[in-house]
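Worth knowing before you read on, the calculation uses all heavy atoms, side chains too, and leaves out hydrogens, waters and symmetry mates. Not measured: the values here are computed from a predicted model. Whatever order the structure lists them in is the order used to number ligands and atoms, beginning at 1.
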Amino acid sequence: MITEVMARYGELSTKGKNRKQFIKQLGNNVRAAFEGSPNLKIKAHRDRLHIELNGEEAEPVIERLSMIFGIQTISPVVKTEKSIEAAKTAALFLVQSQFSPGKSFKITTRRADHNWEYDTNEVNQLLGDYIYKAIPGIQVKMKNPSINVRVEVRLDGLFISVDSTKGAGGLPTGTSGKGMLMLSGGIDSPVAGYLAMKKGINLEAVHFHSPPYTSPQALQKAKDLAEKLTKFSGPIPFIEVPFTEIQETIKQHVPQGYIMTITRRMMMRITDQLREQREGLAIVNGESLGQVASQTMESMAVINEVTHAPILRPLISMDKTEIIELAEKIDTFDLAILPYEDCCTIFTPPKPRTKPKLKHVLEIEEKMDVEGLVQRAVAGIQMEEISENTNQDTKQKQLFENLL
Ligand code: ATP
Ligand code: MG
């Protein structure tokens with residue numbers, strides 16, 4: 001019965017001159033998300049986006065669409081011929097799909113075709129009466145009804161819809177420029193990545209690993225987490241940085257209390273170089289104020305000191321429970337709590353300084369070949385594009401290799 005799915009744009013309606021570009025980007029993102037469904041016809045118009053189903057099921061389309069940023073609400077639409085009987089049937093069907101006891105409804109009709117025999121009031125009245133009689137217990141409510149049925153009378157037919165699903169909100173991914181996401185295997189950084197994407201940022205993931213101290217599983221876990229994020233954004237370049245030499249050097253030269261601070265400064269320097277090379281505008285990480293020793297204001301200031309690039313910390317004021325809630329929502333939580341050691345956990349002593357002094361840090365780093373270490377790490381990166389099924393393939397390949 002449902003013939004198309006319609007999406008209303010979110011915040012981008014306030015974007016003035018950029019609006020056109022935003023809508024174009026959103027259209028491209030939606031097309032990319034539905035690449036595997038050639039029957040769908042996607043049209044990103046000035047005021048909303050339409051997906052003609054051409055026989056496809058509406059449910060999976062709505063579900064997929066609800067993960068794409070830049071969309072406020074999603075509605076199933078039934079297109080009918082211009083007859084009041086057809087309109088009644090379609091409106092009742094849509095209301096029934098949303099109805100549960102206690103819910104109210106309202107019909108709002110707009111006419112683009114003024115030659116149709118019914119005016120807007122008549123349509124509201126006729127359909128309203130019909131639904132009121134057909135569904136026992138339903139109430140009519142003009143202000144804030146739970147089910148808002150919209151009828152549009154156009155030249156080529158009637159378009160009847162109800163808002164059914166909340167969109168993901170935010171801005172279309174790709175409209176805010178590129179950011180480098182420092183992606184560990186933990187709970188926080190994937191959530192930070194999600195929130196950055198929500199504001200239109202195109203991400204590249206940077207992951208530090210230290211074989212043989214960290215396992216291939218730990219690396220795979222970071223890639224799997226990146227894959228989880230691709231649902232919201234499309235493919236994500238994944239940059240793997242060899243970090244072993246740096247961690248061994250730090251272990252040798254740095255007093256216990258400063259290991260964490262200097263490790264983070266090295267990561268930041270490398271991420272910043274990659275950012276420059278890859279023309280990123282900002283660095284995104286999963287820091288949240290007060291969560292651990294490295295995440296005090298004093299600590300962040302000293303770590304931040306190695307770069308002038310903006311460092312975005314979407315989780316800065318969130319509590320752990322809020323972060324976990326979001327991680328569950330975006331389906332990264334179960335993966336993140338798998339017990340594979342991260343490169344930092346292994347080398348970080350139990351008592352890092354919570355208020356590191358920049359002066360000391362600089363003195364310690366003086367004794368290390370910081371520049372050389374950074375250059376060698378950058379020279380040793382490996383890049384891979386992660387898309388929705390990348391890891392499926394590698395996992396299958398691994399499985400296959402294990403069997404041989
Ligand atoms: P997460 O849950 O994201 O690992 P965390 O609470 O464990 O965060 P830290 O270990 O202090 O916090 O790391 C702070 C941030 O530094 C992380 O959120 C992430 O952005 C970055 N980071 C830490 N380890 C790595 C790594 N191995 N590769 C890339 N980025 C990392
Ligand atoms: Mg961590």
Side-chain angles (χ1 to χ4, degrees), residues 179-196 203-211 213-226 228-229 236-244 246-247 250 259-275 282-300 302-304 306-307 309 311-316 318-324 326-328 330 332-350 352-354 356 377 381-382:
M180 311 305 284
L181 170 66
M182 300 175 72
L183 180 66
S184 70
I187 297 169
D188 301 328
S189 42
V191 177
Y194 170 82
L195 291 174
L203 291 180
E204 296 199 357
V206 179
H207 176 73
F208 297 86
H209 76 134
S210 306
Y213 305 107
T214 54
S215 61
Q217 287 96 318
L219 175 64
Q220 187 58 46
K221 176 178 160 188
K223 290 183 186 175
D224 288 347
L225 286 167
K228 291 279 180 193
L229 295 178
I236 297 177
F238 183 96
I239 305 172
E240 189 182 315
V241 185
F243 207 53
T244 313
I246 293 178
Q247 292 213 286
I250 288 175
I259 287 184
M260 190 274 309
T261 308
I262 291 180
T263 304
R264 292 277 182 253
R265 281 167 60 93
M266 294 304 285
M267 284 188 178
M268 195 58 86
R269 287 187 178 102
I270 293 165
T271 308
D272 198 36
Q273 275 220 2
L274 293 170
R275 178 195 63 76
I283 294 170
V284 181
N285 71 24
E287 288 172 336
S288 174
L289 200 53
Q291 201 184 82
V292 286
S294 60
Q295 298 173 22
T296 61
M297 293 272 267
E298 289 84 355
S299 198
M300 279 187 221
V302 173
I303 295 166
N304 215 146
V306 300
T307 169
I311 300 179
L312 308 182
R313 301 177 175 88
L315 311 184
I316 197 66
M318 286 172 75
D319 292 339
K320 195 76 188 185
T321 49
E322 293 174 297
I323 298 170
I324 288 174
L326 252 180
E328 281 172 334
I330 64 171
T332 53
F333 183 72
D334 290 346
L335 252 176
I337 57 175
L338 291 176
Y340 304 125
E341 293 286 359
D342 196 272
C343 62
C344 319
T345 15
I346 307 169
F347 286 93
T348 312
R353 293 283 295 253
T354 51
I381 61 163
Q382 285 195 42

So, for [X] and [Y], which heavy atoms are closest and what is the spacing to 0.1 Å?
X	Y	answer
D188	L315	O-CD1, 3.3 Å
G193	L203	O-CD1, 3.4 Å
V191	I330	CA-CD1, 4.2 Å
M267	M182	CB-CE, 3.8 Å

Going by the atom numbers of ligand 1, which of them fall below 4.0 Å from some non-hydrogen atom of [X]?
X	value
V206	29 (C)
S189	1 (P), 3 (O), 18 (O), 19 (C), 20 (O)
I187	2 (O)
G186	1 (P), 2 (O), 4 (O)
L183	28 (N), 29 (C), 30 (N)
H207	28 (N), 29 (C)
D188	1 (P), 2 (O), 3 (O), 5 (P), 6 (O), 8 (O)

### Task
Would you confirm whether N285, through its side chain, and E287, through its main-chain N or O, come within 3.5 Å as a donor-acceptor pair?
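Looks like yes, one N/O pair under 3.5 Å.
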
### Message
Please check this pair: side chain of T244 against backbone of P211, looking for a donor-acceptor N/O pair closer than 3.5 Å.
### Response
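At least one qualifying donor-acceptor pair exists.
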
#### Entry: Presence of salt bridge, R353 and E298, under 4.0 angstrom
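Salt bridge absent between E298 and R353.
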
### Query
Any ion pair linking R275 and D272 (charged N to carboxylate O, less than 4.0 Å)?
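Yes, D272 and R275 are salt-bridged.
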
### Query
Are T354 and T296 close enough that a side-chain donor and a side-chain acceptor fall under 3.5 Å?
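There is no such pair between these side chains.
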
### Query
Quick one: does M267 get a heavy atom under 4.0 Å from ligand 1?
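In this structure, M267 qualifies as a contact of ligand 1 - some heavy atom is under 4.0 Å.
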
### Message
For atom 12 (O) of ligand 1, tell me which residue out of M260, K320, Q295, R313 has the closest non-hydrogen atom.
### Response
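It is Q295 whose heavy atom sits nearest to atom 12 (O) of ligand 1.
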
Would [X] count as being in polar contact with ligand 1, using the rule that some N or O on each side must be under 3.5 angstrom apart?
X	answer
M182	yes
N285	no
V284	no
G286	yes
F208	yes

